[in-house]
Novice: 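Below you will find the structure I want to go over with you.
Hydrogens, waters and symmetry mates are skipped; everything else that's a heavy atom, side chains included, is used. Chain A is the first sequence line, chain B the second, and so forth, proteins listed ahead of strands; every chain is numbered from 1.
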Protein chains: 2
Amino acid sequence: MIGQRMKYLRQSKKMTQSELAEKLNITRGTYAHYEIEKRKPDYDTLQKIADFYDVSTDYLLGRTEQQTSTKNSAPFDPLQELNKIFEKYDVQDAGFWDIEKWKEMTPEDLRSLEDYFEYLYNKSKNRQHKDNKFEEVDDI
Amino acid sequence: MIGQRMKYLRQSKKMTQSELAEKLNITRGTYAHYEIEKRKPDYDTLQKIADFYDVSTDYLLGRTEQQTSTKNSAPFDPLQELNKIFEKYDVQDAGFWDIEKWKEMTPEDLRSLEDYFEYLYNKSKNRQHKDNKFEEVDDI
DNA sequence: ACCTTTTGTAGCGATTTGCGACTTTATAGT
DNA sequence: ACTATAAAGTCGCAAATCGCTACAAAAGGT
């Protein structure tokens, strides 16, 4: 399936395998294998292909007929999201957050942080400081 | 990224790695590697994961924050599409099409068929039966 | 028919995967 | 707090897969 779609997309752009391979930083031989489905591109290349044609990986994999890429136009910004949470829980940035690390954070990390804040919030309500479920947040 | 998301999805369903592994027909050890990103699932497993959680592969791969799967609710039906083409080109099913084979056909195959019909159509207009560009259609 | 471009296909070294077994960490019950 | 049990992380190895280079076949153009 993926081979068919790659071939179709390539031809509709009237490009040769060589040209595509160059875009993807692989040799033409390697690329050729994809189209005839003897090999599969690694995840990195798969995404490059999806990016190049602006289609979804689901389309390439044949999970959907909609080509339309669902890729975010405005990429996820961890710092911005962090501030939202700060506001929500009325936290003032005390300066002990390692901003550099936060740049690497995923949406899932953010959710963890929210869980943590919520936990702190609940704790402050009934002052039970024994539970150490979240004690290892220092690695955030 | 994919590991984080898999872990998040699994936990939000309150499942263990063992349970997930069973669903995906892999061993727990193998599954564990995915979450900590030491290994990557093959394409087949990736799609099983996406199917199981009903999210897009783009989401799993971190290309988008939208979980929503773009998978077709009504899957592509080759036979139905075939009939549309038959109608369009006024072909009557002479019974020499191997229906079983057609069940495997992709949208791209359909496009090829349309090209073929169009070719036949053009040929019939100026009776030039020498060009054998489409001579090998018997493998469709 | 001939030459050029493009595509398909081994062969092979190197990388990566999946499994099973073992270790470490977390959870629960008393 | 202590122990037992479950869950998650990690290692070594066999097997599968990948990417490259080189060669073969097909397609296109003159």
Novice: With DNA chain C as reference, determine whether B:Pro41 or B:Arg28 sits nearer its 5' end, using the nearest nucleotide of each.
Specialist: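 Between the two, 5'-proximity favours B:Pro41.
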Novice: For the pair B:Thr57 (side chain) and A:Asp58 (backbone), establish whether a donor and an acceptor sit closer than 3.5 Å, ignoring hydrogens and angles.
Specialist: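 A pair under 3.5 Å: yes.
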Novice: Tell me whether B:Lys13 forms a cation-pi arrangement with B:Phe52, defined as NZ or CZ under 6.0 Å from the six-membered ring centre and within 45 degrees of its axis.
Specialist: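 The answer is yes; both the distance and angle limits are met.
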Novice: What nucleotide among D:dC18, C:dT9, C:dG8 has an atom nearest to a side-chain atom of A:Gln17?
Specialist: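 Taking heavy atoms from C-beta onward, the closest nucleotide is C:dG8.
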Novice: Among D:dG9, C:dG8, C:dC19, which is the nearest nucleotide to the side chain of B:Ala32?
Specialist: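 Looking only at heavy atoms from C-beta outward on B:Ala32, the closest nucleotide is D:dG9.
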Novice: For C:dG8, does either OP1 or OP2 sit under 4.0 Å from a side-chain N or O belonging to A:Tyr31?
Specialist: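 For C:dG8, neither OP1 nor OP2 has a side-chain N or O of A:Tyr31 closer than 4.0 Å.
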Novice: To the nearest angstrom, how far is A:Leu24 atom CG from D:dG19 atom C1'?
Specialist: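 It works out to 13 Å between those atoms.
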Novice: Between B:Arg39 and B:Met15, who's closer to the 5' end of DNA chain D by nearest nucleotide?
Specialist: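 Counting from the 5' end, the first nearest nucleotide belongs to B:Met15.
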Novice: Could you give the CD1-to-P distance, from A:Ile2 to D:dC18, as a whole number of Å?
Specialist: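 Computing the A:Ile2:CD1 to D:dC18:P distance gives 11 Å.
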Novice: To the nearest Å, give me how far apart NZ (B:Lys40) and P (D:dC18) are.
Specialist: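 That distance rounds to 13 Å.
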Novice: What does B:Tyr34 touch in the nucleic acid at a heavy-atom separation under 4.0 angstrom: a base, only the sugar-phosphate, or nothing?
Specialist: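 Answer is sugar-phosphate: B:Tyr34 comes under 4.0 Å of backbone atoms only.
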Novice: Starting from P on D:dC18, measure out to CG on A:Asn25 and report it in whole angstrom.
Specialist: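 These atoms are roughly 19 Å apart.
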Novice: If the condition is salt bridge (charged side-chain N to carboxylate O under 4.0 Å, His left out), which residues does B:Arg39 pass it with, not counting sequence neighbours?
Specialist: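 B:Arg39: no salt bridge (charged side-chain N to carboxylate O under 4.0 Å, His left out) contacts found.
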Novice: Determine the contact category for A:Thr30: base if any of its heavy atoms lies under 4.0 Å from a base atom, sugar-phosphate if only primed atoms, P, OP1 or OP2 are that close, otherwise nothing.
Specialist: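 Contact class for A:Thr30: base.
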Novice: Taking the six-membered ring for Trp and the full ring for Phe, Tyr or His, determine whether the centres of B:Tyr43 and A:Tyr43 are under 6.0 Å apart.
Specialist: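 Yes, close enough.
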Novice: For B:His33 and D:dG12, what is the distance between atoms NE2 and C1' respectively, to the nearest whole Å?
Specialist: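 To the nearest whole Å, that distance equals 11 Å.
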Novice: Return the value, rounded to whole Å, for the distance between atom CG of A:Asp44 and atom C1' of C:dT15.
Specialist: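 A:Asp44 atom CG is separated from C:dT15 atom C1' by 15 Å.
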Novice: Does a nitrogen or oxygen in the side chain of B:Thr16 sit under 4.0 Å from OP1 or OP2 of D:dA7?
Specialist: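 Checking B:Thr16 against D:dA7: no side-chain N or O falls below 4.0 Å of OP1 or OP2.
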Novice: Roughly, in whole Å, what's the span from CD in B:Gln11 to C1' in C:dA26?
Specialist: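 After rounding, the reported distance stands at 12 Å.
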Novice: Report yes if a side-chain nitrogen or oxygen of B:Lys7 is closer than 4.0 Å to either non-bridging phosphate oxygen (OP1 or OP2) of D:dG9; otherwise report no.
Specialist: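 It does, given that an N or O in the side chain of B:Lys7 lies less than 4.0 Å from OP1 or OP2 of D:dG9.
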Novice: Without decimals, in angstroms, what is the distance between A:Glu35 CD and D:dA26 P?
Specialist: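 From A:Glu35 CD to D:dA26 P: 18 Å.
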Novice: List the steps, then state whether side chain to side chain donor-acceptor pair (under 3.5 Å) holds for B:Tyr8 with B:Gln4.
Specialist: CA-CA 6 Å; B:Tyr8 170 73; B:Gln4 295 245 23; over 6 Å; no
